[in-house]
Amino acid sequence: MPSIEELIKKRDQLTARIKTAENRKSQEDRKAEARIKILVGSAILERYKKKGETDGLVKIMDAFLTRPIDRKAVLGENGDGSEIFFSLTSAKESEAKNEQATPFETASPGPSSQEIND
């Protein structure tokens, strides 16, 4: 039968392994959360680009942003939108980048049944 000291040592080793696994999982979760936020933000930017209406997005961001540095970056000095904000939401910018569109934007649905049968 193992001594108390041996059992305590094994317990401490298991506790350390559990802590390491929990930290790894937490880090993976944070990375996934950041990725989702980026993707959602990109989707919203793309939607506003296609609509060509930035006023609604400026209002949303004005209500959402609280830190002065973030407000200045997004809303600019006058609160109507920074230069970078408009470059990201500009339909003209979107048209220029269509040549570099993502596979989802350029992918065709595939060959038609007629093309397959020919």
Legend entry - Gap between atom CG of L88 and atom OG of S82 - 0.5 Å precision: 8.0 Å
Inset, instruction - List for me each residue that meets side chain to side chain contact (heavy atoms under 4.5 Å, CB included) alongside E28, sequence neighbours excluded, and say none if there are none. - result: R24
Legend entry - Atom pair CD/OG of E83 and S90 - distance to nearest 0.5 Å: 12.0 Å
Legend entry - Same apolar cluster: F86 and F64, side chain cutoff 4.5 Å: yes
Inset, instruction - Quick one: which residue pairs count as a salt bridge (charged side-chain N to carboxylate O under 4.0 Å, His left out) with a foot in residues 57-81, not counting sequence neighbours? - result: D62-R71, R67-D70, K72-E77
Inset, instruction - Calculate, to the nearest 0.5 Å, the distance between atoms CE and CD1 belonging to M61 and I44 respectively. - result: 9.0 Å
Inset, instruction - Would you mind listing every side-chain hydrogen bond (donor to acceptor under 3.5 Å, both in side chains) that reaches into residues 6-17, with sequence neighbours excluded? - result: none
Inset, instruction - Kindly give the cluster partners of I4, where membership spreads through any ILVMFWY side chain lying under 4.5 Å from a current member. - result: I8
Legend entry - Beyond-backbone contact of F85 with T54, side-chain heavy atoms, under 4.5 angstrom: yes
Legend entry - Partner set under side chain to side chain contact (heavy atoms under 4.5 Å, CB included) for R35, not counting sequence neighbours: L39
Inset, instruction - Flag yes if I84 and I69 sit in one hydrophobic cluster, no otherwise; membership is Ile, Leu, Val, Met, Phe, Trp, Tyr, and two members link when side-chain heavy atoms are under 4.5 Å apart. - result: no
Legend entry - Gap separating the CZ atom of R47 from the OG1 atom of T89, nearest 0.5 angstrom: 15.0 Å
Legend entry - Cluster check L7, L14: I/L/V/M/F/W/Y, side chain < 4.5 angstrom: no
Inset, instruction - Identify the residue among K25, Q27, K31 that makes a side chain to side chain donor-acceptor pair (under 3.5 Å) with D29. - result: K25
Inset, instruction - Just jot down the side chain to side chain contact (heavy atoms under 4.5 Å, CB included) partners of K19, sequence neighbours excluded, or say none. - result: E22, N23
